[in-house]
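Data block below; observations after.
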Number of protein chains: 2
Amino acid sequence: MESHRSLTSLAHARIRDMVLSGELPPGSRIQIDALRKRLEIGASPVREALSILSSEQLVVRNEQRGFWAPEISAEDFGILLDTRCRVEALAFGDAIRHGGAEWEEQIVLLQYRLNSLNRTEKADAWEIAHRDFHRALISACPSTYLLNFCAQLYDLAVRYRNVASLAAYPERQVEDEHSQIAEAALARDAARAEHLLVDHYRKTGEFLYQQLAEREGAALKAG
Amino acid sequence: MESHRSLTSLAHARIRDMVLSGELPPGSRIQIDALRKRLEIGASPVREALSILSSEQLVVRNEQRGFWAPEISAEDFGILLDTRCRVEALAFGDAIRHGGAEWEEQIVLLQYRLNSLNRTEKADAWEIAHRDFHRALISACPSTYLLNFCAQLYDLAVRYRNVASLAAYPERQVEDEHSQIAEAALARDAARAEHLLVDHYRKTGEFLYQQLAEREGAALKAG
DNA sequence: CTCAATCAGAAAATCGATTTTTTTGGGCCG
DNA sequence: CGGCCCAAAAAAATCGATTTTCTGATTGAG
């Protein structure tokens with residue numbers, strides 16, 4: 001169990017997970033009182049956590065009217081994906097130019113851990129390892145601003161992956177892609193590494209985008 | 001007077017101004033109780049506002065120990081400036097490619113308003129007009145994520161300008177630079193516009209960076 | 001004399017109750 | 001029948017009090 005220094009940060013972590021996992025579905029209302037009872041935490045920390053989440057774009061705030069889980073759409077996902085590719089390419093390039101021995105070692109280590117896990121069998125552990133690996137790639141970027149932004153975009157993208165709950169995810173060789181990205185990074189080939197990373201994101205995103213677009217088309221006919 | 005829907009958003013706006021203006025100096029402690037009395041607002045809204053500000057990087061939070069105004073340094077400013085140039089170039093390019101008639105008109109209007117104001121005589125009005133002009137330039141960027149990020153970086157940069165309180169700001173022809181940027185944008189010359197914008201930021205930042213570096217050198221000798 | 005343990009005092013964090021605002025639903029009038 | 005207004009209910013926002021945690025000084029042992 002993770003220990004938290006304050007109930008606010010605990011509430012933040014819990015609610016964040018509920019949003020990212022899709023337990024709080026897109027568009028659904030998030031009532032403070034319901035959360036208060038559910039988490040067995042007072043209203044103040046819950047409220048504060050929601051405030052923070054709303055400035056992280058993981059929750060939508062409507063003053064005096066409450067909080068909601070953000071809506072999703074194919075269009076929004078497309079924009080998110082595109083933003084992520086371009087911003088993370090910047091951070092990745094920086095990291096490749098600035099990273100030292102420690103950065104290299106982290107990448108090697110975390111890539112190994114990631115590839116050791118089976119994505120379907122140990123989904124939770126894989127999620128964490130995947131996040132850690134991608135974070136390690138850019139961790140040597142000197143701009144904390146860029147890194148924060150990348151972390152935020154990562155969360156938003158993970159949420160899309162989860163809430164779309166794809167029945168059949170196409171089995172690409174994601175391991176190979178990760179390996180190639182790591183290899184290019186360690187070879188300090190920024191241009192190639194950036195390209196591979198963006199390509200990786202676009203490939204992963206393409207299928208999800210199609211799913212979302214189809215779903216919207218279907219919903220349009222049904223409604 | 002601006003009206004606010006809630007005391008939290010009022011507190012947020014007020015404290016934000018206090019941080020941006022330098023009224024709360026870099027490194028200084030921000031006590032909830034002191035603010036509570038100063039703003040005549042309860043502790044809860046003040047607390048919540050500080051929480052939000054800390055996730056906007058305008059306040060540093062130290063769990064169970066309180067809040068502080070962020071430290072400044074030449075190094076941090078350099079990184080901030082660089083991040084801003086690259087991220088805002090992305091947003092600007094998008095805007096130039098996507099902007100419609102309304103976007104063009106806003107730029108024309110806001111550039112006119114900005115150039116009508118004397119920077120030293122009407123400092124507050126100029127600040128607002130300047131912010132509006134720069135926001136208008138990128139406003140047609142479809143990525144709300146990128147726009148939010150740019151707004152955040154803008155605030156952080158404004159703070160540096162204010163807290164450095166430059167005795168003698170070198171009088172460049174800032175009006176001309178703004179005009180050229182607007183012109184290139186309206187001509188849909190993305191490459192040129194981006195270059196001019198980045199150049200504008202770097203020129204403005206260069207002097208500030210020198211000041212900060214000198215001050216640090218002096219402080220080092222004195223300490 | 002140094003270091004660690006201890007103990008107020010101060011400040012943050014949290015709670016429960018109160019106030020304000022929004023939403024809901026029923027009855028009334030055009 | 002449909003729109004409108006008002007009252008009751010629900011929910012968010014705020015407050016004041018209480019609890020928990022940190023800080024800095026003091027004291028006593030080594």
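Side chains included, hydrogens not; waters and symmetry mates left out as well; all remaining heavy atoms used. The sequence lines fix the lettering, A, B, ..., with proteins before strands; numbering per chain opens at 1.
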#### Entry: Given D:dT14, C:dA13, D:dC22, the nucleotide with the shortest approach to the side chain of B:Thr8
D:dT14
### Query
Can you name the residues that form a side chain to side chain donor-acceptor pair (under 3.5 Å) with A:Asp132, not counting sequence neighbours?
A:Arg135
### Task
Between A:Trp68 and A:Gly42, just flag the one whose closest nucleotide in DNA chain C comes earlier from the 5' side.
A:Gly42
### Task
Looking at every strand, decide which applies to A:Glu63 at a 4.0 Å heavy-atom threshold: base, sugar-phosphate, or nothing.
sugar-phosphate
### Query
Does a side-chain N-to-carboxylate-O contact under 4.0 Å join A:Glu127 and A:Lys122?
no
### Query
Under 4.0 Å between a Lys/Arg side-chain N and an Asp/Glu carboxylate O for A:Asp155 and A:Arg131?
yes
### Task
Kindly point out which of C:dC15, D:dC15, D:dC22 is positioned nearest to the side chain of B:Gln64?
D:dC22
### Message
Check this for me: does any side-chain nitrogen of one of B:Arg86 and A:Asp94 sit under 4.0 Å from a carboxylate oxygen of the other?
### Response
yes
### Message
I need the residues from residues 31-39 of chain B with at least one non-hydrogen atom less than 4.0 Å from DNA chain C; give them sorted by number, or say none.
### Response
B:Gln31, B:Ile32
### Task
Measure from CG on B:Leu7 to P on C:dT19 and round the result to the nearest Å.
15 Å
### Task
Please state whether the phosphate of D:dT21, meaning OP1 or OP2, lies under 4.0 angstrom from any side-chain nitrogen or oxygen of A:Arg5.
no
### Task
Look at all strands and tell whether A:Ser6 reaches a base, only sugar-phosphate, or nothing, counting heavy atoms closer than 4.0 Å.
sugar-phosphate
### Task
May I have the distance from B:Leu10 (atom CG) to D:dA13 (atom P), rounded to whole angstrom?
14 Å
### Message
I want to verify a distance call: between C:dA12, C:dT22, C:dT14, whose nearest atom is closest to the B:Arg29 side chain?
### Response
C:dA12
### Summary
Whole-Å distance, B:Arg61 CZ to C:dA13 C1', equals 9 Å
### Length of the CZ-C1' vector between A:Phe67 and D:dA12, whole Å
8 Å
### Message
Nearest to the side chain of B:Arg47, heavy atoms from C-beta on, is which of C:dA12, D:dT14, D:dA13?
### Response
C:dA12
### Task
Could you check how far CD1 of B:Ile41 sits from C1' of D:dA13, rounded to whole Å?
12 Å
### Query
Quick one: does B:Trp126's side chain have a donor or acceptor within less than 3.5 Å of a partner on B:Thr120's backbone?
no
### Query
A:Ile30 CD1 to D:dA11 C1': how many Å, rounded?
15 Å
### Task
Please determine if B:Arg14 and B:Asp17 form a salt bridge, counting it only when a charged side-chain N lies under 4.0 Å from a carboxylate O.
no
### Message
Could you check whether A:Tyr201 and A:His134 have their ring centres less than 6.0 Å apart?
### Response
yes
